[in-house]
Protein chains: 2
Amino acid sequence: MGRNDDIVPPADYPLRATIRDVAARAGVSIGTASKALNASGRLRQETRDRVVAAANELGFRPNAMAQSLHRSRSMTVGVLTTDSFGRFIFPILEALEETLAGHGIAIFMCNATDDPEREQQHLDQLLGKRIDGLLVTARRMDRRPAIAVPGKSMPVIYVFSQSDDPDALCLLPDDHGGAVLAVEHLIATGRRRIAHITGPAEFEAVTLRHQGYAEALVRAGLPALPEYYLNGLWSEAWGREAVAQLFANAATAPDALFCGNDQIARGASDALRERGLSVPDDVAVVGFDNWDVMALAARPPLSSVDMNLHRLGRAAGERLIAMIGGERIRGVERLPCSLVVRPSSAPAGQTTPKQDKNS
Amino acid sequence: MGRNDDIVPPADYPLRATIRDVAARAGVSIGTASKALNASGRLRQETRDRVVAAANELGFRPNAMAQSLHRSRSMTVGVLTTDSFGRFIFPILEALEETLAGHGIAIFMCNATDDPEREQQHLDQLLGKRIDGLLVTARRMDRRPAIAVPGKSMPVIYVFSQSDDPDALCLLPDDHGGAVLAVEHLIATGRRRIAHITGPAEFEAVTLRHQGYAEALVRAGLPALPEYYLNGLWSEAWGREAVAQLFANAATAPDALFCGNDQIARGASDALRERGLSVPDDVAVVGFDNWDVMALAARPPLSSVDMNLHRLGRAAGERLIAMIGGERIRGVERLPCSLVVRPSSAPAGQTTPKQDKNS
DNA sequence: GCAGTGAAGGAAAAGGTTTTCTCAATCGCC
DNA sequence: GGCGATTGAGAAAACCTTTTCCTTCACTGC
């Protein structure tokens, strides 16, 4: 199948010991050696020991391909990303890998950044390798078309990404809930005029977080003013610009900013400082993502909503194991976010006791 | 081998078509079917077509495990990271994956963040899977001990990481050259008092970059002042603090900063602005890593040394392919960095025509 | 002394593919 | 029409394990 031709045949590899070598050295048959090594069958203890000793001496390691061929279970899953390996994918991947490794399952990594043809190639390759399951991640803006796995047989999970296949299992962070968390926190610390600066409206997450934001406000008896909701880019520059817009008129300026990500939050925080406004005394700021590089480097460090990507990755691993085991799981599962509170959203007027300023 | 017990046997998977199904449907023997599908052997064209048609109708996909078993070549390599999947590893991985995928080779991802025991487990698993090669990445501070692969047979490459095994191949960015690039650029744009703010001295990269920095200065007839070399953390906060130290005495203040990474550079740049100094008019700043999140968000955008990690990943893939093909490569290979010039290091006094200041 | 029992280990099939070897049939040529 | 050469296709081994089924052997109990 394709491009294997350009690799010349094995050079001079010392062949690995096989179970037949072990058997020969221990003076038993292959079957007996297998039983001894797998602690199965009925064998004398002395025989077992002899086989195990021979295996150790030869550095024997069973050939997983032969085992898999026999069991028709490859102990292998594929991870197919269509968003290159972005910053969000890492923690997920890390937890996933750890979870699966604990069950002896290895991961094939594939990347097909927005190239359907490469995606198909990768999928072909993975199917050829008889993966036991597939995990798909993608850019979060759009629902991605379902992966075409023949036969409906193989478990597929979309993580941090949503498919339009109703039979699929999708694992996502609870964007709505995360926004509620942030806004309720701001309200609890005494803020009343809370604006939301966020990313492009095309992202489903933007919509969900906006809804959470609005609901939390309304539930607290506060108005969700349209002029307090600003869409833009996911950048610091946009955060700065949004602050310029919001604070152009001092009379209508907010006393808290809930930002769609930490970059926006950081840009906003910088802009506030440069306007002579104190964070958090004059304006509280809460970000989203809890990306330490941003959140900790900001002055002051940013409160932020954490999507618990690690937990998401672990959950994905566990679901996948369950599905490989035969369970059928489907639907959209949203895992809770949590709020990490840092100085940028301390209660108004708490940080610097002596304080009386206004913009 | 271990934890496979907790996965129940196959549920109700519709078995994939095998070559024997294809052969039966095409009315030929298994061997003939194989030859037809692999375009090998001597067969009538009509027979080939019949077999291929049967294969398509059945959605046949050859079982890679069976193929590998036969060829004793798994078309698979392992990537073992000991630094979790850090930000630096991503671009490398991406390029590596792309390169290897082009040759039909798949990647097993393993992560053993600083845990020798997990590392050994992963290695065992990979050896069991009969990977054709291994790629190791690690935190760059220390040379890591060699991976214990039995038999000296399997190709191993350390990328973005250095092993103490003299027989190994290590692929690294040319830190020394990158520093030279940055400093020569600063000199060329008219700077004369160039300081170097960087990370912890334990990092080999810190030493190498320092050497490059010093050599470039000396070569230009400029002194490499010890008070212009500051070690600290890889953080924005340290960048700010270092600026405070360097500019405490206006008489000895530098007119350019070469920073060990973009975070330091950004912190420094912020601190300069807050001291009323203009970047680049009063002080030029050059960072390292060319991490867009930092370099582009800084005001003004930062010039930075790019380690060309993508190229590094590609090179790693190519070397690995060559080694799998039988070539023996060893030693330490350092790939060139490049300099990305942005406004933060424009020639002194060029940005704002009207200007006459001194710190 | 013999049937029956249990233990210990061997033989062989199966899993899916590739490849070599062999065999049968056809062709060209005299 | 017979001979060698060539072509097309099948049989079987090999890759490495696991597992099921058998065989052998030594006992026990009568």
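In what follows, every chain begins at residue 1, and chains take the letters A, B, ... in the order their sequences are listed.
Put simply, CZ on B:Arg48 is 11 Å from C1' on D:dA9, counting in whole angstrom units. Put simply, CE on A:Met65 is 22 Å from P on C:dA14, counting in whole angstrom units. Summarising the geometry, the separation between CG on B:Asn38 and C1' on C:dT20 is reported as 15 Å, rounded to the nearest angstrom. Separating the CZ atom of B:Arg20 from the P atom of C:dT17 is a distance of 10 Å, rounded to the nearest angstrom. In this structure, A:Ile19 atom CD1 and C:dA11 atom P are separated by 15 Å, rounded to whole Å. Per the geometry, CD belonging to A:Gln45 stands 14 Å off C1' belonging to C:dA7, to the nearest Å. At whole-Å resolution of the value, CE in B:Met75 and P in D:dC15 are 20 Å apart. Across the protein-nucleic acid pair, A:Asn63 atom CG and C:dG16 atom P stand 16 Å apart, rounded to whole Å.
Using a 4.0 Å cut-off between a side-chain N of Lys or Arg and a carboxylate O of Asp or Glu, A:Glu97 and B:Arg118 qualify as a salt bridge. Salt-bridge check for A:Arg311 with A:Glu318: failed, with every basic side-chain N at 4.0 Å or more from each acidic carboxylate O. Using a 4.0 Å cut-off between a side-chain N of Lys or Arg and a carboxylate O of Asp or Glu, B:Arg319 and B:Glu333 qualify as a salt bridge.
Between A:Gln67 and D:dT17 there is no side-chain N or O to OP1 or OP2 distance below 4.0 Å. For the OP1/OP2 pair of C:dA7 and a distance below 4.0 Å, the side-chain nitrogens and oxygens of A:Arg42 include at least one atom meeting the criterion. Here B:Ser29 reaches the OP1 or OP2 of D:dG10: one of its side-chain N or O atoms lies under 4.0 Å away. B:Thr32 has no side-chain polar atom (N or O) that falls below the 4.0 Å cut-off from OP1 or OP2 of D:dA9.
Distance check, rounded to the nearest 0.5 Å: OG1 of B:Thr18 to CG of B:Leu58 gives 9.0 Å.
Within the 4.0 angstrom heavy-atom criterion, only backbone atoms of the sugar-phosphate kind lie near B:Thr47; the bases stay farther away. At a threshold of 4.0 angstrom between heavy atoms, the contacts of B:Thr18 are confined to the sugar-phosphate backbone, with no base atom among them. Residue B:Leu69 is classed as a base contact, given a heavy-atom separation below 4.0 Å to a base.
In this structure, the nucleotide among C:dG15, D:dA9, C:dT17 sitting nearest to the side chain of A:Ala66 is C:dG15. For B:His70, taking side-chain heavy atoms from C-beta onward, the closest of the listed nucleotides D:dT18, D:dA14, D:dG10 is D:dA14. The side chain of A:Lys35 has C:dG9 as its nearest neighbour among C:dG16, C:dG9, C:dT18.
Annotation: side chain of B:Lys129 is in contact with side chain of A:Met75 (closest heavy-atom distance under 4.5 Å).
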